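Encoded as structure tokens, the structure appears first; notes follow it.
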Amino acid sequence: ALELAKHPPAGVTGIINLDGPHLQYETEDTRSFQVPILSFLSTDFTMEKQDIGLHGTLQQLFRERSRGAYILEIAGTAHNNFTDLNFTPVLKYFTPLLGKVDNAKMAGYVNQAILEFIKRTETGELGQPLLPEMNDVKQVLIEWKE
């Protein structure tokens, strides 16, 4: 998703990144992202006692190279909460693939934020939070540049 944001095809007005990491590129690759980005990052993804959640990982990149971005971190999410596995919540009792988040509540947040992002990229009304202020959702807004 982030690579596509550097060279968006005609008609693409924004990119949605579902817990995808920033991959390291060669130092000469300094192209900026050309469209606004909505990025969801996991906060509770532990494997073999190692925190591999992506929370806090994209702010600097987006500040330096984006035209603007929303970063949403939903408390208790693991990487696979952003897939269809989120709708099989019994998995959280057998495997670390899902976080401790309330699966239905999390899906509601994601759907609401995506719909609002799409609406705003179409109208150009960017720069305000996508969701109301909530204790279990951290929203980071990166400055919008024309």
Side-chain angles (χ1 to χ4, degrees), residues 1-9 11-25 29 31-145:
L2 296 181
E3 190 63 28
L4 185 62
K6 292 179 185 178
H7 300 290
V12 172
T13 59
I15 296 293
I16 299 170
N17 179 28
L18 297 174
D19 203 43
H22 163 52
L23 302 174
Q24 296 298 322
Y25 298 99
D29 184 8
R31 293 168 289 174
S32 292
F33 303 115
Q34 301 301 306
V35 293
I37 298 168
L38 166 58
S39 191
F40 293 94
L41 300 179
S42 59
T43 61
D44 187 26
F45 194 24
T46 305
M47 304 257 321
E48 298 181 15
K49 299 182 182 177
Q50 295 283 340
D51 179 5
I52 57 174
L54 294 174
H55 51 98
T57 61
L58 296 177
Q59 283 90 328
Q60 189 62 35
L61 173 71
F62 289 164
R63 280 190 184 96
E64 292 172 1
R65 300 191 31 206
S66 78
R67 294 185 60 214
Y70 292 99
I71 301 171
L72 273 67
E73 299 177 0
I74 301 171
T77 52
H79 182 71
N80 287 293
N81 283 110
F82 298 100
T83 70
D84 287 344
L85 292 177
N86 183 65
F87 299 102
T88 312
V90 70
L91 288 176
K92 71 174 85 179
Y93 301 109
F94 304 106
T95 175
L97 292 176
L98 297 176
K100 297 173 184 79
V101 67
D102 177 298
N103 305 78
K105 189 175 178 182
M106 176 266 180
Y109 291 162
V110 169
N111 290 337
Q112 183 181 352
I114 288 172
L115 290 172
E116 191 63 28
F117 179 73
I118 291 169
K119 182 176 85 176
R120 291 183 187 187
T121 57
E122 289 176 351
T123 63
E125 298 174 14
L126 301 164
Q128 298 298 317
L130 296 173
L131 300 173
E133 192 170 321
M134 298 178 235
N135 290 337
D136 52 352
V137 179
K138 177 182 176 186
Q139 297 184 74
V140 177
L141 202 55
I142 307 300
E143 181 181 349
W144 301 95
K145 303 169 195 161

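No hydrogens, no waters, no symmetry mates; every other heavy atom, side chains included, goes into these values. Counting from 1, the numbers follow the sequence of the chain as shown. Note that the coordinates shown come from a computational prediction; the quantities given were computed from them, not determined experimentally.
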Atom CD of E143 with >12 non-hydrogen neighbours under 6.0 angstrom: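 At most 12 heavy atoms, drawn from other residues, nucleotides or ligands, come within 6.0 Å of this atom.
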Check: [Y] main-chain N/O paired with [X] side-chain donor or acceptor under 3.5 Å:
| X | Y | result |
| --- | --- | --- |
| Y70 | I142 | no |
| Q139 | L131 | yes |
| S39 | I71 | no |
| S66 | R63 | no |

Exercise: identify the closest heavy-atom pair between Q34 and K6: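 What the structure gives for the nearest pair is CG-O, 3.4 Å.
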Where L72 and A113 come nearest, the two heavy atoms and their spacing: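 Nearest heavy atoms, L72 then A113: CD2-CB, 3.8 Å.
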Atom pairs and distances, donor-acceptor, side-chain atoms in residues 81-90, under 3.5 Å, two or more places apart:
residue : atom : partner : partner atom : Å
N81     : OD1  : A78     : N            : 2.8
N81     : OD1  : G99     : N            : 2.8
N81     : ND2  : N86     : OD1          : 2.9
T83     : OG1  : N80     : O            : 2.7
T83     : OG1  : L85     : N            : 3.1
N86     : OD1  : N103    : ND2          : 3.2
N86     : ND2  : N103    : O            : 3.1

side-chain hydrogen bond (donor to acceptor under 3.5 Å, both in side chains) pairs, two or more places apart, involving residues 125-136: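 Output for this query lists K105-D136, Y109-D136.
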Separation between CD of Q59 and CG of L41, rounded to the nearest 0.5 Å: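 Separation between the atoms: 7.0 Å.
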Rounded distance (nearest 0.5 Å) linking atom OG1 of T123 with atom CD1 of I118: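 Rounded to the nearest 0.5 Å, the OG1-CD1 separation comes to 12.0 Å.
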Heavy-atom side-chain contact between L126 and T121 under 4.5 Å: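 Yes, at least one pair of side-chain atoms sits under 4.5 Å.
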Partner set under salt bridge (Lys or Arg N to Asp or Glu O under 4.0 Å) for K100, not counting sequence neighbours: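 Applying salt bridge (Lys or Arg N to Asp or Glu O under 4.0 Å) to K100 gives D44.
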